[in-house]
There are 2 protein chains.
Amino acid sequence: MLKLTKKVDYALLALNLMAKTEEGGISNVRDIAALYSIPPEILAKVMQKLSKSGLIQSHNAPKGGYSLKLPAEEISVLKVLVAVEGPVGIVSCSDGTDKSCQQRGQCDIRSPLEKLQNNILWFLEALSIRELGQEPAVLKGVTDGSSLFGQPLHHKG
Amino acid sequence: MLKLTKKVDYALLALNLMAKTEEGGISNVRDIAALYSIPPEILAKVMQKLSKSGLIQSHNAPKGGYSLKLPAEEISVLKVLVAVEGPVGIVSCSDGTDKSCQQRGQCDIRSPLEKLQNNILWFLEALSIRELGQEPAVLKGVTDGSSLFGQPLHHKG
DNA sequence: TTGATTACAGACTAAAATGGTCTGCGATAA
DNA sequence: TTATCGCAGACCATTTTAGTCTGTAATCAA
Ligand code: SF4
Ligand code: SF4
């Protein structure tokens with residue numbers, strides 16, 4: 001729950017690698033998959049989705065592969081996420097699929113949850129694959145959250 | 001992916017309801033389940049978990065039920081989430097379960113993703129069930145994110 | 001004392017999402 | 001012309017999620 005899928009993980013690894021190569025450099029699925037021990041067939045599918053979404057450019061030929069289609073700064077984690085897994089929503093009622101939930105008629109928590117969701121999406125959008133390889137400036141300031149897991153911190157004061 | 005489970009949804013609905021009743025008021029599973037059309041058995045389990053986690057107090061008796069054990073302001077969405085579903089992590093490598101992922105040895109995106117995760121957890125912690133029924137102050141400022149779904153906005157400038 | 005009402009507990013099944021495999025086709029440069 | 005690459009989709013296994021079923025224990029009131 002609330003977890004990124006393995007496919008997204010793979011996409012981010014691949015894109016991060018491509019972002020670190022020189023401008024317009026070409027990488028192919030086999031090499032990336034081997035480097036990160038990713039099943040090649042899965043990575044292939046992921047790359048195809050990224051290609052369809054216009055984030056990367058395919059070169060279908062021997063010695064071909066993929067290259068970034070946009071500057072690494074303009075490829076956000078959210079874009080990657082949407083490209084690979086489709087629309088994102090933390091609650092069933094607001095993820096694009098309008099299969100109305102049973103509780104919707106009586107639900108009085110939708111609005112705040114959607115705002116929470118928008119905040120999360122904003123963060124995902126604010127983080128680019130360029131920043132994955134660096135210290136992500138946009139995330140500075142909240143780095144002490146490791147204590148949040150089992151024993152959530154008390155922030156209210 | 002990145003979605004709250006139905007059980008969490010149920011928990012938030014129930015807690016929001018209880019937060020709106022008078023201090024120390026008691027609600028029982030049957031009534032809440034009926035009000036929101038939730039399968040009573042599921043809600044029962046959810047409430048038991050909330051009780052075990054010390055967020056609510058059970059009253060096992062006829063005319064019994066549950067009451068909040070903490071002020072509504074001190075029950076964060078993150079606490080509810082952890083109580084119902086266990087530790088939270090957006091990536092497999094950092095959700096408490098230390099089943100190491102195949103890519104971990106070569107992975108160079110863990111640190112930024114964990115910071116991203118901490119930001120998300122911080123938001124979840126900052127939102128209390130009290131604020132679910134109101135305009136959540138902590139979420140002000142990012143309310144225009146509805147355009148983020150299919151066509152992510154360009155924030156970089 | 002009895003019984004209705006409530007929470008507690010856990011096995012069990014069904015459906016959906018996820019992760020991975022397999023097979024074949026299409027494009028292109030050497 | 002052929003080896004190397006991407007393209008496409010069916011297919012299966014595993015895990016997670018959602019829901020069901022059955023039975024026990026505590027408490028209060030009649
Ligand atoms: S219960 Fe409310 S917030 Fe949750 S999915 Fe249904 S309408 Fe959305
Ligand atoms: S690939 Fe990296 S970030 Fe993803 S689960 Fe593995 S170690 Fe964590």
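No experiment lies behind these values; they were computed from the predicted model shown. Proteins get letters first, then strands, A, B, ... in listed order; numbering begins at 1 in each.
- Under 4.0 angstrom from either OP1 or OP2 of C:dC8 there lies at least one side-chain N or O belonging to B:S58.
- Atoms CG (B:D9) and P (D:dT17) sit 14 Å apart, rounded to a whole Å.
- A:E131 contributes a side-chain N or O that, together with a main-chain N or O of A:S128, makes up a donor-acceptor pair within less than 3.5 Å.
- Closest-nucleotide positions on DNA chain C for B:K45 and B:R30 were compared, and the one nearer the 5' end corresponds to B:R30.
- Both B:H59 and A:P39 lie close to DNA chain C; mapped to their nearest nucleotides by heavy-atom distance, the more 5′-ward contact belongs to B:H59.
- Nearest nucleotide to the side chain of A:Y66, out of C:dT6, C:dC22, D:dC7: D:dC7.
- Annotation: side chain of A:V77 is not in contact with side chain of A:F123 (no heavy-atom distance under 4.5 Å).
- Counting only distance, with no hydrogens or angles, the side chain of B:K79 and the backbone of B:E74 share a donor-acceptor pair below 3.5 Å.
- Distances from the side chain of A:N60 to the nucleotides D:dG19, D:dT27, D:dC5 place D:dC5 closest.
- Here the nucleotide nearest the side chain of A:N28, chosen from C:dG19, D:dT17, D:dG6, is D:dG6.
- Taking every side-chain heavy atom of B:A61 into account, D:dT27 is the closest of D:dT27, D:dT17, D:dC7.
- B:K49 comes within 4.0 angstrom of no nucleic acid atom, judged by non-hydrogen atoms across all strands.
- Atoms CD1 (B:I38) and P (D:dT20) sit 13 Å apart, rounded to a whole Å.
- Using a 4.0 Å heavy-atom criterion, one finds that A:M1 contacts the sugar-phosphate atoms exclusively.
- Looking at the side chain of B:P62, the nearest of the listed nucleotides C:dA9, C:dT28, D:dC28 is D:dC28.
- Going from atom CG of B:L4 over to atom P of D:dT16 covers 17 Å, rounded to whole Å.
- Nearest nucleotide to the B:V29 side chain, out of C:dC8, D:dG19, C:dA7: C:dA7.
- Closest non-hydrogen pair, B:S27 versus B:M18, comes out as OG-CG, 3.7 Å.
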